[in-house]
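Heads up: the structure comes next, in structure tokens.
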Amino acid sequence: MSTPFYVSPQQAMADRAEYARKGIARGRSVVVLQYTDGIVFVAENPSRALHKVSEIYDRIAFAAVGKYNEFENLRLGGVRYADLRGYTYDRDDVTARGLANVYAQTLGTIFSSVGEKPYEVELIVAEVGAAPEDDQIYRLPHDGSIVDEHGAVAVGGNSDQIGSYLDQRHRDGMTLAEALALAVESLARDSGGNGDRQLTAEQLEVAVLDRTRPQQRKFKRLLGPQLNALLEQSGEGSSEDGPSEDSAED
Amino acid sequence: MDNTRSTTGRLPAAFLTPGSSSFLDFLGDHSPELLPGNRTLPPIKGAVELPHGTTIVAATFESGVVLAGDRRATMGNVIASRDLEKVFPADEFSAVGIAGTAGLAVEMVRLFQLELEHYEKIEGATLSLEGKANRLSTMIRGNLGMAMQGLAVVPLFAGYDTVRGRGRIFSYDITGGRSEEHGFAATGSGSVYARGALKKLYRKDLTQDQMVTAIVQALYDAADDDSATGGPDLTRRIFPVVTVITADGFRRIPDSDVAETARLVVEGRRQNPDGPRAEVL
């Protein structure tokens with residue numbers, strides 16, 4: 001009969017965190033940026049079927065990196081949580097803060113329960129408000145903590161490098177085309193060495209929470225021609241490096 | 001772990017179990033007491049007087065379908081509400097109009113809207129129009145127990161079929177029996193008169209504006225002969241809710257436009273109280 005080796009609690013938790021971090025670091029990153037009319041989500045994701053960015057509720061969206069089956073489960077739970085809450089109370093009573101709390105509890109419990117494998121995921125929950133000051137972005141790392149973010153945030157593989165690149169260049173009041181251009185530039189740096197990658201519309205998954213949308217549901221995916229037009233526009237915009245044109249949305 | 005309750009604040013297992021894209025199924029698993037069909041009714045003696053919604057009319061035209069309803073709710077011989085709205089968007093390409101017990105009907109519509117939206121979010125695709133119509137069938141069937149006690153909900157479902165490229169109408173009975181209607185349909189207490197009127201006015205090639213006028217005429221005729229249906233109220237400026245669903249999606253005709261149509265209809269009736277005449281042969 002073998003006696004298990006003693007492992008200190010600190011060591012056990014550090015090992016679990018290390019395991020989760022390594023899993024997350026293997027995947028490509030997702031960036032989320034505020035712009036004048038809302039929040040834009042950009043992921044490098046060639047798949048049209050497996051989404052990294054999705055709608056949760058009227059004003060709330062979700063972005064995730066890591067293991068697909070794990071964050072897909074969390075997305076499902078989030079949609080169910082939001083719809084049930086909206087049905088029980090009112091559509092206005094569903095908030096990103098509430099959802100982020102539930103996610104944090106779920107991730108935290110799984111992370112610290114010895115019987116379960118920690119989730120290798122990192123999430124972003126964002127809610128678009130009536131004005132840019134009312135926007136909320138929460139980052140939820142694998143261990144159940146919540147980080148309140150402003151401006152721009154990156155999660156996934158090279159998130160530190162991409163995040164600092166974004167922090168230096170993101171400013172308030174960017175147009176959608178400008179924000180998108182910055183997001184694509186930052187993602188292109190995630191190359192593991194050679195920095196000169198070009199990301200095309202086919203490799204990107206882009207969605208926005210647009211506060212100017214007349215519908216109750218503010219989430220919208222930017223696809224095909226619309227995305228190409230925006231990318232072209234931003235290409236011109238960044239070469240001039242300045243005067244902001246109005247982005248052609250919808 | 002208990003499937004429905006959690007002690008740690010984490011999402012209960014029912015939330016994280018993949019498989020179903022239906023909000024109703026999820027509600028059945030997680031909190032069945034919230035499902036309207038799971039409520040038990042106390043024994044009732046005699047008739048219960050509750051607000052009832054009345055007449056809903058729908059008609060297809062070349063580029064889509066019009067769905068409209070009067071605004072009255074009655075409770076026995078009392079007018080419970082003059083301005084109840086009984087036509088709702090179900091999603092971008094469909095709408096539902098309700099006749100029957102108003103309280104239950106409004107709840108059913110809320111749940112139906114949520115069911116469609118939930119599916120769309122989970123699956124990343126919308127249900128087919130037939131699929132939506134079938135979901136509504138299931139929900140009406142869930143209400144059968146109450147319907148047998150007099151609390152029936154009988155909706156009319158209309159939508160634009162994006163695959164076939166035309167407007168379609170589905171009518172229901174209290175058991176959830178569904179039938180597709182071709183051309184036009186009506187439900188509720190004034191439906192007999194509305195259908196009679198539409199039978200004489202309906203033509204496939206009417207434009208959207210003409211069809212809206214025909215529908216307002218039909219609702220006028222229903223209100224003319226059925227005390228539970230409200231006609232256009234020019235003094236209080238309460239007009240029928242008229243909605244149109246085309247390839248561009250759901251749109252409610254603004255009250256000001258309906259007001260103008262209603263004014264013309266009432267004007268016409270001053271000369272001709274029974275409305276437009278059809279040929280005898």
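Within every chain, numbering begins at 1; the chains are lettered A, B, ... in the order of the sequence lines, protein sequences first and strands thereafter.
Evaluated for a ring-ring contact (aromatic ring centres under 6.0 Å, His included) with A/F62, the options A/Y103, A/F41, A/Y57 yield exactly one hit, A/Y103.
In terms of heavy-atom proximity, B/T126 sits nearest to B/Y119 at C-CE2, 4.1 Å. A/E202 approaches A/R48 most closely through the heavy-atom pair O-NH2, 2.9 Å.
Between A/E70 and A/K117 there is a salt bridge, with a side-chain nitrogen of the basic residue lying less than 4.0 Å from a carboxylate oxygen of the acidic one.
For chain B, the nearby part of A/I56 is the backbone; its heavy atoms alone come within less than 4.5 Å. For a residue to count as touching a neighbouring chain, one of its non-hydrogen atoms must lie under 4.5 Å from one of that chain's; by this rule B/E120 touches chain A with the side chain only.
Heavy-atom pairs under 4.5 Å with chain B were tallied for A/R221, A/R75, A/H51; the largest tally goes to A/R75.
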